[in-house]
Novice: 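Mind looking over this structure? Questions follow.
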Protein chains: 4
Amino acid sequence: MNGYQRVKEKKKAAIKNGAFSLFAERGVKDVKIEDIAATAGVSQVTIYNHFGSKENLLSEVIKEYILEKYEEFKAMLLDKKTFKEKIEAIIFMKIEAARLHPDTIAAMLKESNLNAFLQQFQEERFIPLLIDMFDEAQKNGEVNPAISNEMLLFYLDIFRNFPQEKFMALMRGDKIQHTKEIMQLFFYGLSVPPENK
Amino acid sequence: MNGYQRVKEKKKAAIKNGAFSLFAERGVKDVKIEDIAATAGVSQVTIYNHFGSKENLLSEVIKEYILEKYEEFKAMLLDKKTFKEKIEAIIFMKIEAARLHPDTIAAMLKESNLNAFLQQFQEERFIPLLIDMFDEAQKNGEVNPAISNEMLLFYLDIFRNFPQEKFMALMRGDKIQHTKEIMQLFFYGLSVPPENK
Amino acid sequence: MNGYQRVKEKKKAAIKNGAFSLFAERGVKDVKIEDIAATAGVSQVTIYNHFGSKENLLSEVIKEYILEKYEEFKAMLLDKKTFKEKIEAIIFMKIEAARLHPDTIAAMLKESNLNAFLQQFQEERFIPLLIDMFDEAQKNGEVNPAISNEMLLFYLDIFRNFPQEKFMALMRGDKIQHTKEIMQLFFYGLSVPPENK
Amino acid sequence: MNGYQRVKEKKKAAIKNGAFSLFAERGVKDVKIEDIAATAGVSQVTIYNHFGSKENLLSEVIKEYILEKYEEFKAMLLDKKTFKEKIEAIIFMKIEAARLHPDTIAAMLKESNLNAFLQQFQEERFIPLLIDMFDEAQKNGEVNPAISNEMLLFYLDIFRNFPQEKFMALMRGDKIQHTKEIMQLFFYGLSVPPENK
DNA sequence: AATGAATGAGGGTTCATTCAT
DNA sequence: GATGAATGAACCCTCATTCAT
């Protein structure tokens with residue numbers, strides 16, 4: 001890649017970054033091309049030269065975001081050793097994302113026409129990683145072996161999509177205590193956990 | 001109520017119902033007043049005569065929806081006797097709502113300027129009902145008494161806001177089995193429940 | 001006229017009065033039928049039953065106003081004896097009108113389709129009165145006999161149409177002194193008046 | 001100035017000119033953006049790109065007009081030597097304006113939100129020029145020194161605001177004779193002027 | 001005769017996108 | 001390749017007026 005192309009890629013990246021932030025902050029419908037152009041310090045037409053349309057820009061932005069998250073996620077799974085650590089890390093990755101762009105990511109996905117892509121990505125990449133993780137935990141006796149794979153994924157999703165504002169409010173209280181409680185709820189639900197008996 | 005008023009109330013109701021459905025289906029921004037008018041079988045101006053503005057119509061529609069849900073909720077709590085039944089009912093109320101208007105209700109609330117109203121409503125009406133329910137369950141030993149009120153509310157919220165599409169997909173499988181599993185997760189988390197030991 | 005008709009006429013009068021005030025205050029274009037209805041305490045349709053259209057209501061309102069002013073004017077001319085008194089009264093009638101509805105009367109006339117009527121009324125009724133007045137004053141030596149009728153009318157009009165806000169501001173100062181000065185200007189212009197020589 | 005700017009300025013000027021004419025002819029309320037766009041040979045949106053809103057366009061148009069008139073006025077005062085010439089020129093400037101846009105300028109000003117600006121402009125720019133002119137004329141004995149500044153300004157305003165249609169009608173008669181008469185009225189009022197005695 | 005309800009015909013404004021330099 | 005300027009297609013909302021009771 002020569003110098004010229006590098007500059008070009010930088011511009012594209014600047015546009016994408018700005019667009020992502022704006023989309024996440026305000027929702028796709030409330031972001032004008034004009035805003036993205038201003039944020040990236042380019043003209044509106046430059047955006048069209050690079051991306052063709054707003055919809056297209058949105059798609060590219062989301063794809064990049066998903067890929068990035070996927071790599072991060074895979075690395076994390078390798079890094080953490082025990083099941084509990086992994087679960088904890090998954091939940092906190094979600095929290096971090098939520099803190100940065102409170103729940104508009106989901107809205108962004110909806111506005112996009114990437115359903116097929118996203119589903120495929122999910123099925124072929126994310127889910128296998130999780131299934132492996134659960135399989136191992138069930139073998140180790142860390143997870144109730146009676147629960148089906150699909151239910152486990154669903155359960156995890158429930159925890160990964162908890163309402164952010166509420167969570168953030170909670171975490172402004174006794175953070176360590178609350179974290180313990182959440183993990184407890186995740187592993188033992190409402191019942192009294194064995195170690196307390 | 002005279003003839004005029006009866007007709008008027010009917011029209012207003014027709015507009016509200018149509019507006020609610022459209023808002024929930026497509027998102028507020030993607031619904032034109034023209035669409036609502038066509039759905040309700042009136043002219044656009046009639047909508048303005050009744051509601052003043054799109055924003056106002058949105059507010060009224062949401063307020064009505066919330067109040068309705070609240071009454072339904074209160075009645076349900078009185079009807080169900082045990083804690084488990086109540087929890088089950090709560091989750092299934094949410095599911096029913098989700099089935100009818102997949103997760104755009106939240107988006108509607110965001111577009112509205114009812115934040116203050118909603119928060120107050122939540123704090124003064126919904127939450128007291130839930131706190132009472134949990135208190136009683138903790139006294140009865142049905143719920144771990146070490147868990148704080150705020151954490152219990154948060155936990156319930158997690159379950160009430162689980163991702164709909166996934167849930168609907170799940171329920172197209174073995175419904176009874178899955179329901180049992182969800183309740184188990186809610187009460188015992190990932191751990192092996194006592195009765196299975 | 002029976003009781004029924006009397007009530008009806010009262011309603012019409014109430015509508016006209018309200019309409020006149022509103023038209024004069026805000027300008028015809030900025031007054032909605034709705035406003036007039038509210039001011040008169042009737043429904044919009046009642047206004048249509050009585051007047052047929054906004055334009056028509058405007059016409060009737062103006063006609064009535066002009067006729068009233070004409071009668072008042074005629075009476076005043078009979079009442080005042082000397083030419084100076086008459087001129088003074090003319091100017092002050094104009095001022096009074098201006099104080100009540102600052103310069104929107106002219107705008108009202110423009111919005112109406114009464115040009116023909118107004119011109120005829122002017123020519124056949126108002127102007128003859130004024131011409132008589134000037135003729136007499138010229139015969140008495142109170143007015144320069146070299147000035148033509150049309151120029152005299154024009155000169156009078158100049159004084160009757162002076163800018164209101166400025167005048168009102170002036171009158172908040174030394175009223176008596178200013179009134180004297182205006183009369184002096186009218187009769188002697190910028191030159192030093194004879195009595196001061 | 002590059003090619004872009006030149007074209008842009010031309011377009012802006014074309015829009016302003018067209019807007020001014022239309023506003024003056026029909027009154028602000030009766031001019032649609034669509035009309036202005038058609039007159040200037042651009043699309044409606046171009047007008048919004050340049051001026052932001054109808055109200056803003058009106059303001060800019062008025063401001064430009066006022067500034068232009070001010071410069072013209074100042075130049076004229078320098079050009080004319082004697083007091084009488086100046087007064088005559090002032091009156092005829094007004095007449096010319098009236099001939100081009102019969103008394104809708106005032107209406108335009110009313111519709112605008114420039115009251116503060118106009119008042120300041122008046123007080124800081126126009127009035128000082130006139131005060132100087134009168135001061136000098138009073139020193140020279142051309143004007144009755146007993147008349148206060150405010151009254152002189154008011155008197156001049158009266159003459160500058162005389163009813164246009166009437167004046168135009170008059171001027172279709174013996175123009176030179178009438179002009180002489182008006183000047184006479186201005187300087188000597190209704191009384192017999194000294195030179196005729 | 002009077003009213004509550006409804007409406008047709010517009011008018012201002014916005015925004016993604018294209019044109020011309 | 002990048003930009004300033006221009007635009008078509010909508011959308012919200014208003015108001016004089018008519019309909020139905």
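When reading the values below, keep in mind they use all heavy atoms of this one structure, side chains included, and skip hydrogens, waters and symmetry mates. First the proteins, then the strands, lettered A, B, ... as listed; each starts at 1.
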Novice: Please check the phosphate of E:dA6 (OP1 and OP2 only) for any side-chain N or O of B:Ser43 closer than 4.0 Å.
Specialist: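 Answer is no, no contact under 4.0 Å.
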Novice: For residues 50-58 of chain A, which residues have at least one heavy atom under 4.0 Å from DNA chain F?
Specialist: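 By residue number: A:His50.
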Novice: Expressed in angstrom and rounded to an integer, what is the separation of D:Phe23 atom CZ from E:dG11 atom P?
Specialist: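 Distance check: D:Phe23 CZ to E:dG11 P gives 14 Å.
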Novice: Hey, can you pull the residues of residues 28-35 of chain B with a non-hydrogen atom under 4.0 angstrom from DNA chain E?
Specialist: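 Heavy-atom cutoff 4.0 Å gives no residues at all.
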Novice: From the set E:dT17, E:dC19, E:dG4, return the single nucleotide nearest to any side-chain atom of C:Val45.
Specialist: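 Side chain of C:Val45 sits closest to E:dG4.
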Novice: Using a 6.0 Å cut-off, check whether atom CD of B:Glu71 has over 12 heavy atoms from anything other than its own residue.
Specialist: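 More than 12 within 6.0 Å, yes.
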Novice: Grab the NZ-P distance between C:Lys11 and E:dA2 for me, whole Å please.
Specialist: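 From C:Lys11 NZ to E:dA2 P: 7 Å.
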Novice: Under the salt bridge (Lys or Arg N to Asp or Glu O under 4.0 Å) test against C:Asp35, which residue among C:Arg26, C:Lys29, C:Lys54 passes?
Specialist: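 Result for salt bridge (Lys or Arg N to Asp or Glu O under 4.0 Å) with C:Asp35: C:Arg26.
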Novice: How many Å lie between OH on B:Tyr48 and P on E:dG11, as a whole number?
Specialist: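 One finds 17 Å between P of E:dG11 and OH of B:Tyr48, rounded.
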Novice: For the side chain of C:Asn49 and the base of E:dA1, is some donor closer than 3.5 Å to an acceptor across the two?
Specialist: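 No, the side chain and the base share no sub-3.5 Å donor-acceptor pair.
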Novice: Taking the nucleotide of DNA chain E with the nearest heavy atom to each, does D:Gln44 or C:Val42 sit closer to the 5' end?
Specialist: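 Result of the comparison: C:Val42.
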Novice: Looking only at side-chain N and O atoms, does D:Thr46 come under 4.0 Å of OP1 or OP2 in F:dA5?
Specialist: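 Result: no.
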